[in-house]
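Some notes on the structure that comes next.
First the proteins, then the strands, lettered A, B, ... as listed; each starts at 1.
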Amino acid sequence: MSESVVNHFIRSMIEADRARGAHGGRVATRFPPEPNGYLHLGHAKSICLNFGMARDFGGTCNLRFDDTNPAKEDIEYVNAIQDDVRWLGFEWANLLHASDYFEVFYLCGEKLIQQGLAYVCDLSADDVRAYRGTLTEPGRNSPFRERSMEENLDLFRRMRAGEFDDGARTLRAKIDMASPNINLRDPALYRIRKVSHQNTGDTWCIYPMYDYAHCISDAVEGITHSLCTLEFEDHRPLYDWCLDQLDIEHDLALTAPLREKGLHMTPSRSRQTEFARGNLDYTVMSKRKLIALVQDGLVDGWNDPRMPTLSGARRRGFPPAAIRTFWERMGYSKQVATIEYSVLEACVREVLDAEASRRLAVLDPLPIEIINLPAEHRETLRFSNHPKDEAQGTREVPFSPRLYIEREDFAEVPPKGFHRLVPGGEVRLRGVGIVRCEDVVKNDAGDVTELRVSLDTSTRPGLPGAERKVKGTIHWVCAHSAIEAEVRLYDRLFDVPNPDDDSDGKTYRDHLNPGSKRIVRGYLEASLANLAAESRFQFERLGYFVSDRFDHTAEKPVFNRIVTLRDSYAKAAKS
RNA sequence: UGGGGUGUCGCCAAGUUGGUAAGGCACGGGAUUUUGAUUCCCGCAUUCCUAGGUUCGAGUCCUAGCACCCCAGCCA
């Protein structure tokens, strides 16, 4: 597969930075998820960018949990996130937490106070909102804005000591209440939350805000390029303001607590650059909606194969390489864009076509009997596992006169252009030879229950007659040796391109695709027995399938359809 | 009506110091094919949000508009 390098503005920027010798040519990035939910395809775009840039420029990428809000975060997610990142194919240079730097954040807070650049504010959340002004009107200064440095320091220390109630006070940056950028109207830096933290327990009762913690974390870790999504664009002045005031690279006292803990990092001044988040059509990506789908039982959990979560994609059978090329192929820009699902499918097929061994399976069986072979005839055929990759070798496939074919490969009254089996017509049975439909057996209700066919033995593989052309080739499975399996046929979860659009009064819930999951019992060729979970194959003419990561066992095989094959016949028939 | 962004083919997206519109997906046509798969050809923006301007020459520069996205959490 071609993971060709696509040029984008971030790559160009990094190249330019290196060309002028910034950071000595060093590239250090980070992926900073908040551990409050499962990773989804959108996160994968950011993961691919951050880890990808580090990889391409011989740099490093840290995995940093942005755990600054203990009220919303949970340890459950930190392991799942690590699994997902590894599964995607990336390894971090360092596994870190924003909470590793709590002492540094605190020291930075004292430094800002000492510089007269931060103050303790007693305003309630409601009052702060009232003082903030609006988009078009400036805010007003807090009555606590001019407290003395000594008083601020004392108050801040007492906040840390737990002397005040939740929400009673905040530490605020002293910037400009009249700034046209609302993020600069004395933003809160610290809030009081007497909540136990998953990492630091009850050591702290004041917790830093994102804008404050994030830039300091980046600087402390020596991040060179802090890549984030568009909505943080107007936070960048605050990011820069904090780092300008703090001068973390040169003020070693600020990072002393880390060295005492044995964490040796070289701080540097990072720059934030924003790119458009990854949107995909026919799905929803917001945390809120994803949670609702799970909690309301609309899907079978976070790793439901229809979910856009990485654990869902994995269970669906998407190869991680396909997700990586997908985002690389979309590229990175600043345009709010939604990419079509077909691009993802194309990436999945591209990887799978190259890698997946081929097998025969019938999902909607119609029995057929080869009448010119003795009923007890048994034979072992040899099939190649891949039409273009000989290295994948061959396998043995049992054959007998009693077979199953796909019900839709037979038509009593064929539509025009039908290349399959019809009464009196011929078709090739894959790897067997050409058969003619001699007789159609029906039950009392008139349903076709069986076909009786004759095999032209001169067309068997290896014989000159095998060259004879027939319009169609269909797949089959030997009824005597086939194994039964549960096969889950998945399709997109929503039936409209933009389920988020509720302008017509309908919500994403109204657009769930009722056919997104269909379970059938299928017959698989015998070689598919005793398979490990997460094994991917192409079932010829049907699509790509994977043995389910959790439910599949040798005794009770369970397969998920990853994606169908491209089907120009079905497409033409539809139009 | 404040601030920050973005507007190149149906969907993404390249477009070097202005030199005469890459690529992918989708779509249409054809060839090969014991998967109507794969592969392979061919086609697919006289035009770059609009209108002016500068220039021998503009998607790239200037001016004026228009459209869309983000921001008023002690969330991230």
Quiz question: by atom type and distance under 3.5 Å, do the side chains of A:S179 and A:N181 form a donor-acceptor pair?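 Result is no, nothing qualifies.
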Centroid-to-centroid, A:F9 to A:Y332, below 6.0 Å?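 When the ring centroids of A:F9 and A:Y332 are compared, they turn out to be at least 6.0 Å apart.
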From the list B:A37, B:U34, B:A72, which nucleotide is the closest neighbour of the side chain of A:L565?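 Out of B:A37, B:U34, B:A72, the nucleotide with an atom closest to A:L565's side chain is B:A37.
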To the side chain of A:T473, which of B:C75, B:U35, B:C71 is closest?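 Nearest to the side chain of A:T473 among the choices is B:U35.
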Any ion pair linking A:D17 and A:R271 (charged N to carboxylate O, less than 4.0 Å)?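 Salt bridge absent between A:R271 and A:D17.
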If [N] has a Watson-Crick or G-U wobble mate with both distances under 3.5 Å, name it; if not, just say none.
| N | value |
| --- | --- |
| B:G23 | B:C12 |
| B:A72 | none |
| B:U33 | none |
| B:C66 | B:G7 |

Heavy atoms only, 4.0 Å cut-off, all strands: where does [X] land among base, sugar-phosphate and nothing?
| X | value |
| --- | --- |
| A:H235 | base |
| A:Q538 | base |
| A:A346 | sugar-phosphate |
| A:Y207 | nothing |
| A:R420 | base |

Round to a whole Å and report the spacing from CZ of A:R566 to P of B:G24.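 For the pair A:R566 CZ and B:G24 P, the rounded distance is 13 Å.
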d(CZ, A:R129; P, B:C74) in whole Å: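 About 7 Å, once rounded to whole Å.
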For A:C121 and for A:D567, find the nucleotide of RNA chain B with the closest heavy atom, then tell me which residue's nucleotide is more 5'.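 Residue closer to the 5' terminus by nearest nucleotide: A:D567.
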5'-most contact on RNA chain B: A:D353 or A:E540, nearest heavy atom basis?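 Between the two, 5'-proximity favours A:E540.
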Should A:Y569 be counted as stacked on B:G36, where stacking needs a ring-centre gap under 5.5 Å and an angle between planes under 30 degrees?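 Yes, A:Y569 stacks on the base of B:G36, since the ring centres sit under 5.5 Å apart and the planes are within 30°.
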What closest approach, in Å, do A:S270 and A:D218 show between heavy atoms, and which atom pair accounts for it?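 So the minimum-distance heavy-atom pair works out to OG-CB, 3.3 Å.
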Cationic tip of A:R169 within the cone over A:F164's six-membered ring, i.e. under 6.0 Å and within 45° of the normal?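 Yes, a cation-pi geometry holds between A:R169 and A:F164.
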Kindly say whether, by distance alone, the side chain of A:N181 makes a donor-acceptor pair under 3.5 Å with the base of B:G4?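 For A:N181, whose side chain was compared with the base of B:G4, there is no donor-acceptor pair (under 3.5 Å).
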Looking at the angle O4'-C1'-N9-C4 for a purine or O4'-C1'-N1-C2 for a pyrimidine, is B:G15 syn or anti, with syn meaning within 90° of 0?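 Here the answer is anti: the torsion falls beyond 90° from 0.
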With the sugar-phosphate defined as primed atoms, P, OP1 and OP2, and the base as all remaining atoms, what B/S/- string results for nucleotides 8-17 of chain B, 5' to 3', for protein heavy atoms under 4.0 Å? S-BSSSSS--
